[in-house]
Amino acid sequence: QVQLVESGGGLVQAGGSLRLSCAASGRTFSSYAMGWFRQAPGQEREFVAAISWSGGSTKYDDSVKGRFTISRDNAKNTVYLQMNSLKPEDTAVYYCARNPRGVLTTTLTWYDYWGQGTQVTVSS
């Protein structure tokens, strides 16, 4: 089965940066769009960013637009989330997920495989 493993989370000061990675072990990684979601304590999981299979198209939630950048390296079976100008409200567990549909989507239920998550904590 497809396996997704996130890494790169940690504790940073407000205004700092982190780069998250999501490594995929399954076949045909390059055939799928991918997304990043996050979930803070007591809150629902929410959309952060998505990227097409080729990397040519991206989509961001308004809360991270201009600060976060999603990218992918299909040769390495890895998708990234570069997070700059981090704010305390960015604190959450970040998850990567596979999108089996042919279009980018912000809808959580459209994703079929999920990683275990990586914790990002931003202090003020």
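Nearest approach of C22 to L4, heavy atoms of both residues: SG-CB, 3.9 Å. Minimum interatomic distance between Q119 and A92 (heavy atoms only, all atoms of both residues): NE2-O, 3.4 Å. What you find for Y60 and T69 is that their closest heavy atoms are OH-CA, 3.3 Å. Pairing each heavy atom of A14 with each of P88, the nearest pair is CB-CD, 4.2 Å. Among all heavy-atom pairs drawn from P100 and W110, the shortest one is CD-O, 3.0 Å. Of all heavy-atom pairs between Y111 and G35, the closest is CE2-N, 3.7 Å.
In this structure, the side chains of Y32 and Y113 stay at 4.5 Å or more apart for every pair of heavy atoms.
L20 pairs in a side-chain contact (heavy atoms from CB on, under 4.5 Å) with only one of the listed residues (W36, Y80, F68), which is W36. Partner of V122 under the side-chain contact (heavy atoms from CB on, under 4.5 Å) criterion, out of L18, T91, L11: T91 alone. Each of L104, V79, L81, N99 was evaluated against M34; a single residue qualifies, V79, per the side-chain contact (heavy atoms from CB on, under 4.5 Å) test.
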> What's the verdict on side chain to side chain contact (heavy atoms under 4.5 Å, CB included) for L108 and Y95, showing C-alpha distance, side-chain angles and the deciding distance?
Replying inline: CA-CA 11 Å; L108 183 150; Y95 301 87; over 6 Å; no
> Should E46 and D61 be marked as a side chain to side chain contact (heavy atoms under 4.5 Å, CB included) after you check the CA-CA gap, both sets of side-chain angles, and the distance that decides it?
Replying inline: CA-CA 9 Å; E46 64 181 10; D61 184 77; 5.9 Å; no
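When atom types are taken as modelled, the side chain of R72 and the backbone of S52 share a donor-acceptor pair closer than 3.5 angstrom. Judged purely by atom type and a 3.5 angstrom limit, E6 uses its side chain to pair as donor or acceptor with the backbone of C96. Between the side chain of T78 and the main chain of A23, no donor-acceptor pair closer than 3.5 Å is present. For N74 (side chain) and W53 (main-chain N/O), a donor-acceptor pair under 3.5 Å exists by modelled atom type.
Atom CZ of R38 is separated from atom OG1 of T118 by 14.0 Å, given to the nearest 0.5 angstrom.
With salt bridges taken as basic N to acidic carboxylate O contacts below 4.0 Å, none links D90 and K87.
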